[in-house]
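Naming convention: chains lettered A, B, ... in sequence-line order (proteins, then strands); numbering from 1 in each chain. Values reported hereafter were calculated over all heavy atoms of this structure, with side chains retained and with hydrogens, waters and symmetry mates removed.
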Amino acid sequence: MGLTGLEIFKQLPKTNCKDCGHPTCLAFAMAMAAGKAGLDQCPHVSEAAKEALGAASAPPVALVKIGTGEKELTLGNETVLFRHDKRFEHPTGIAITVSDTAGEEEIAARVGQINKLVFDRVGQLHSVNVVAVTNDSGDADKFVAAVKVAAENTAYPLILITEDMVAMEKALEVVGSKKPLLCGATAANYEGMTALAKKYEAPMVVKGADLNGLAELVEKVVALGYKQLILDSGAREVHKVLADQTQIRRQALKRFRPFGYPTITFVTNEDPIQAVADAAVYICKYAGIVVLQTADPADILPLITLRLNIYTDPQKPIAVESKIYEIGNPGPDSPVYITTNFSLTYFCVAGDVEASRVPGYILPVDTDGISVLTGWAAGKFTAEKIAEMLKNSGIAEKVSHRKVIIPGGVAVLSGKLQELSGWEVLVGPRESAGIPSFLKQRWNA
Amino acid sequence: MAVTIAKERWTNKVAEVVLGTEPNIVKIGGESTLPFLHFEGEMPNRPAVALEVWDMEPTNWPEILTSAYAGVLNDPVAWAKKCVEYGADLVCLTMVSAHPDNKNTSPEECAQVAKAVADAVNVPLIILGCGIEEKDAQVLEKVAENLSGRNFLLGCATQENYKTITAACIVHGHNIIASSPLDINLEKQLNILITEMNLAANRIIIDPSVGALGYGIEYAYSIMERTRIGALTGDKMMAMPVICLLGQEVWKTKEAKSTTEEAPEWGNQERRAILWEVTTAVAFAQAGGSLFVMRHPESLKQFRAHIDKLMQSNTY
Ligand code: B12
Ligand code: SF4
């Protein structure tokens with residue numbers, strides 16, 4: 001994979017001048033090999049060394065950006081095959097197609113629909129990322145008109161899907177400054193397409209008929225001096241796309257240079273439910289972008305959620321804010337639940353409180369986003385912290401009773417908590433799924 | 001430029017488990033590669049899908065789920081037949097009524113229901129307890145005895161109750177679900193404990209305690225990937241097929257339960273709920289699941305169609 005410290009050391013000036021902040025060139029080389037220092041920190045390194053080390057210390061999957069401004073989409077920099085090995089870096093961009101066969105009003109309406117695909121999850125907004133205009137009409141002017149309407153109606157970056165040079169050139173005259181993704185270069189048009197991409201400094205899809213064809217074409221494009229690339233192996237059936245995506249990622253990590261770029265996948269399945277299933281596979285398996293035909297929120301919500309889950313950093317669980325959450329429309333008699341601010345834990349409890357159909361207040365204690373038992377074992381979910389939250393959150397003004405329900409897993413905390421807070425502590429079930437039946441039996445405010 | 005296809009040289013494979021008796025058997029496991037990478041190794045058996053049947057009428061299932069089983073929800077035998085009609089490879093009978101909060105049904109009564117269901121359908125059964133470890137041990141012991149020799153799958157066995165259930169499986173010829181809470185070390189440890197009692201490794205199915213899409217799916221996903229890699233690199237105590245009890249998780253979520261009117265910005269409830277179940281299953285299939293327990297017949301149909309496609313060869 002990366003270079004060893006010794007290989008890097010050979011390229012350094014070996015003067016041990018310390019200007020890089022390291023005691024010796026060797027120490028600096030070791031730090032760089034560990035990914036903890038960058039070559040630019042040594043002011044004395046030669047151009048030749050920069051060249052030699054630059055390529056080798058580049059990430060296995062190149063960083064590629066689409067669009068400009070706030071909604072710019074960044075892809076690449078991936079370093080692993082499995083999320084548990086480290087994490088996946090840049091979430092799959094979700095692109096939705098707009099056909100240039102539709103009328104202008106229809107296009108504007110469809111883009112409006114795409115803009116609305118924004119969902120709140122775990123307290124964050126998640127949305128689709130790209131609008132893909134397709135030249136289904138085969139007509140350059142229609143394509144340009146559609147691209148124009150799309151660009152006027154959305155802040156998302158665009159993908160321009162046409163292999164026709166005239167259509168692409170004209171469309172770029174309109175939206176080229178927004179750095180859309182050109183889609184793209186094939187064996188037949190790559191010279192012209194690459195020239196256009198270079199002119200606008202816009203990223204470009206390279207499409208091969210298969211993996212061999214793709215590798216060959218990428219080399220030709222790179223030989224023309226362009227590297228802002230996205231890969232399309234040409235496969236469209238889910239079993240083949242899975243194989244190609246796996247190969248491309250594996251090869252990239254083995255430093256097979258032609259495959260060191262993010263990928264794009266196209267969902268062409270005609271069955272709408274099967275199409276979502278295919279897209280789910282691509283999100284799990286390395287797709288940089290997945291292009292979908294559907295703008296139905298019922299289709300997009302599961303995919304956005306899956307993307308969030310797969311791209312969550314396994315070392316940094318998502319936490320919810322530690323504050324009072326109201327489920328249903330709780331009043332002064334409603335039950336009060338204590339849990340932790342690990343989002344998974346919180347959402348389990350929230351879901352089960354909701355399922356009980358009894359409105360309630362949930363107080364997730366700040367445990368740095370870890371679960372009930374993990375928090376307890378780590379000393380982050382303690383009677384002191386719970387008492388503090390009961391006191392400072394303002395819950396005492398919202399309810400007239402003084403009863404609090406704690407997770408069954410930390411029953412041992414009840415005595416101390418009662419003592420510290422003065423609240424009556426009810427030990428709930430171990431699993432939040434037991435909350436509905438627990439309430440039936442134990443709760444009367 | 002010719003690309004040299006990158007293939008891993010795995011040294012081991014997942015055990016193959018046979019459920020049921022001839023001619024109605026279902027085989028799962030046996031993979032010698034990661035899921036659906038036919039270019040690299042064998043995937044001799046397609047993932048199997050079960051539909052869930054309860055021994056009492058569910059009270060909190062959403063309408064779109066209950067309407068698929070209209071008229072049979074209070075009759076486990078008729079319900080099970082309906083599942084087979086819908087194309088289920090197996091029926092997963094859950095003894096919900098045995099829970100002390102429900103009817104506290106006795107182990108003997110549970111065993112009778114299990115027998116009636118087993119005799120009414122020609123697919124193998126998965127029989128689950130009510131989730132109370134002590135009670136499940138009693139229930140499954142009786143079930144195992146009453147269905148002796150049928151080679152079914154019983155669960156869930158945990159650290160607390162595995163001894164009774166394992167012994168019953170050995171004596172009466174069944175297979176066991178070894179359940180651990182999202183923890184690869186506990187998972188492995190339980191498999192060791194069970195095999196030390198002399199139940200063969202190819203009679204154990206791992207339950208990693210999966211969550212639904214949006215509710216911790218990533219934990220189970222990574223544990224399943226690590227389990228599969230462990231299996232392929234030679235760890236025999238991780239080389240068991242994995243069951244995903246996902247229907248029960250999915251149909252608790254608000255994405256599946258909220259009606260179109262309650263959450264219009266999420267689109268049509270039926271489509272969304274089915275997709276919640278299908279997407280959860282699709283992700284777990286990619287992580288290495290071999291046996292899937294789902295609830296909605298349409299989810300089953302769609303997931304099976306998806307698997308049909310993934311089972312096609314992708315060798316280069
Ligand atoms: C994943 C995990 C981790 C992850 C943390 C992930 C995270 N964000 O929490 C990592 C790897 C970081 C970790 C670390 C540790 N862990 Co840990 N971990 C787990 C594991 C496998 C799963 C935890 C989890 O996510 N559960 C899912 C969530 C949703 O469960 P939950 O929060 O408990 O919520 C459920 C219930 O409690 C209940 N509930 C929650 N709130 C409420 C509220 C009410 C009112 C009610 C009624 C119910 C209720 O419903 C929820 C759903 O069922 C458990 C094993 C297990 N059996 O749980 C061990 C476990 C919790 N960990 C354990 C330990 C010891 C540790 C460490 C101290 C290990 C160490 N020595 O380093 C460290 C501490 C970390 C630190 N210093 O910060 C032990 C705790 C033992 C004990 N009983 O005290 C466990 C049980 C494993 C074991 N059996 O040994 N851990
Ligand atoms: S700045 Fe460059 S030359 Fe000076 S010690 Fe650091 S690596 Fe060596």
Practice item. Please determine, among A/Leu303, A/Asp85, A/Val281, A/Thr312, the option with the most heavy-atom pairs under 4.5 Å with chain B. Key: A/Val281
Review point. Is there side-chain contact between A/Lys86 and A/Glu89, with heavy atoms separated by less than 4.5 Å?
Key: yes
Check your understanding: Taking the inter-plane angle between the rings of A/Phe342 and B/Tyr219 on a 0 to 90° scale, is it parallel (under 30°), tilted (30 to 60°) or perpendicular (over 60°)?
Key -> perpendicular
Point to revise | Which of A/Cys348, A/Ala298, A/Pro314 touches chain B most, by non-hydrogen pairs under 4.5 Å | key: A/Ala298
Practice item. For chain B, find which of A/Lys285, A/Glu237, A/Lys240, A/Glu354 contributes the most heavy-atom pairs closer than 4.5 angstrom. Key: A/Lys285
Exercise for review: Give, as side chain, backbone, both or neither, the part of B/Tyr215 having an atom under 4.5 angstrom from any heavy atom of chain A.
Suggested key: both
**Study point:** B/Glu52 side chain near B/Met294 side chain, heavy-atom distance below 4.5 Å
**Key:** no
Exercise for review: Go through the atoms of B/Asn60 and report whether side chain, backbone, both or neither lie under 4.5 Å from a heavy atom of chain A.
Suggested key: neither
Exercise for review: Against chain B, work out which of A/Cys284, A/Gly351, A/Ala433 has the most heavy-atom pairs shorter than 4.5 Å and name it.
Suggested key: A/Cys284
Point to revise | Under 4.5 Å from any heavy atom of chain B - which part of A/Gln274 | key: both
Review point. Given the options A/Leu301, A/Val218, A/Leu117, which has more heavy-atom pairs under 4.5 Å with chain B than any of the others?
Key: A/Leu301
Point to revise | Under 4.5 Å from any heavy atom of chain B - which part of A/Tyr311 | key: neither
Check your understanding: Would B/Glu225 and B/Arg228 pass as an ion pair if we require N to O under 4.0 Å?
Key -> no
Check your understanding: chain A: which of B/Lys7, B/Lys309, B/Arg272 shares the most heavy-atom pairs with it under 4.5 Å?
Key -> B/Lys309
Study note, to complete from the structure: When the 4.5 angstrom heavy-atom criterion is applied to B/Ser313 and chain A, the contacting part is backbone
Check your understanding: How about A/Arg236: does its CZ atom have over 12 heavy atoms from other parts shown lying under 6.0 Å from it?
Key -> yes
Exercise for review: Answer yes or no: are there more than 12 heavy-atom neighbours, outside B/Glu265 itself, under 6.0 Å from its atom CD?
Suggested key: yes
Point to revise | Contacting moiety of A/Asp210, where chain B heavy atoms sit under 4.5 Å | key: neither
Review point. Under a 4.5 Å heavy-atom cut-off, does chain B meet the side chain of A/Ala350, its backbone, both or neither?
Key: neither
Practice item. Answer with side chain, backbone, both or neither: which region of A/Asp299 has an atom nearer than 4.5 Å to a non-hydrogen atom of chain B? Key: both
Check your understanding: Where does B/Ile223 contact chain A at under 4.5 Å (heavy atoms): side chain, backbone, both or neither?
Key -> neither
**Study point:** Atom group of A/Lys116 that falls short of 4.5 Å from chain B, counting heavy atoms
**Key:** neither
Practice item. Identify which part of B/Phe39 has an atom lying under 4.5 Å from any heavy atom of chain A, answering side chain, backbone, both or neither. Key: side chain
Practice item. May I ask you to test the A/Ser343-A/Val320 pair for a side-chain heavy-atom distance under 4.5 Å? Key: yes
Study note, to complete from the structure: Greatest number of non-hydrogen atom pairs under 4.5 angstrom with chain A, of B/Leu37, B/Ile5, B/Val278, B/Asp101, falls to B/Ile5
Revision key, fill the gap. Of the listed A/Asp244, A/Ile283, A/Asp352, the one with the largest count of heavy-atom pairs under 4.5 Å with chain B is A/Asp244
**Study point:** Heavy atoms of other groups near B/Gln312 CD, more than 12 under 6.0 Å
**Key:** yes
**Study point:** Salt-bridge contact A/Glu219-A/Arg257 (side-chain N to carboxylate O under 4.0 Å)
**Key:** no
Exercise for review: Tell me, for A/Arg83 versus chain B, whether the close heavy atoms (under 4.5 Å) come from the side chain, the backbone, both or neither.
Suggested key: both
Practice item. Would you indicate whether A/Gln441, at its atom CD, is surrounded by more than 12 heavy atoms from other residues, nucleotides or ligands within a distance under 6.0 Å? Key: yes
**Study point:** Heavy-atom pair count under 4.5 Å with chain A, highest-scoring of B/Thr260, B/Ile229, B/Thr280, B/Thr4
**Key:** B/Ile229
Practice item. Considering only heavy atoms and a distance below 4.5 Å, find which of B/Gln286, B/Glu8, B/Glu298 pairs most often with chain A. Key: B/Gln286
Point to revise | Aromatic ring proximity, centroids under 6.0 angstrom, B/Trp54 and B/Trp61 | key: yes
Exercise for review: Identify whether the distance between the nearest side-chain nitrogen and carboxylate oxygen of B/Asp308 and B/Arg46 falls below 4.0 Å.
Suggested key: yes
Point to revise | A/Pro297 backbone acceptor or donor facing B/Trp266 side chain under 3.5 Å | key: no
**Study point:** Winner by heavy-atom pair count (cut-off under 4.5 Å) against chain A, out of B/Lys252, B/Gln269, B/Glu255
**Key:** B/Glu255
Review point. What option among B/Ser222, B/Ala273, B/Pro35 has the most heavy-atom pairs under 4.5 Å with chain A?
Key: B/Ser222
Check your understanding: Is there a side-chain contact between A/Leu306 and B/Tyr221, using heavy atoms and a 4.5 Å cut-off?
Key -> no
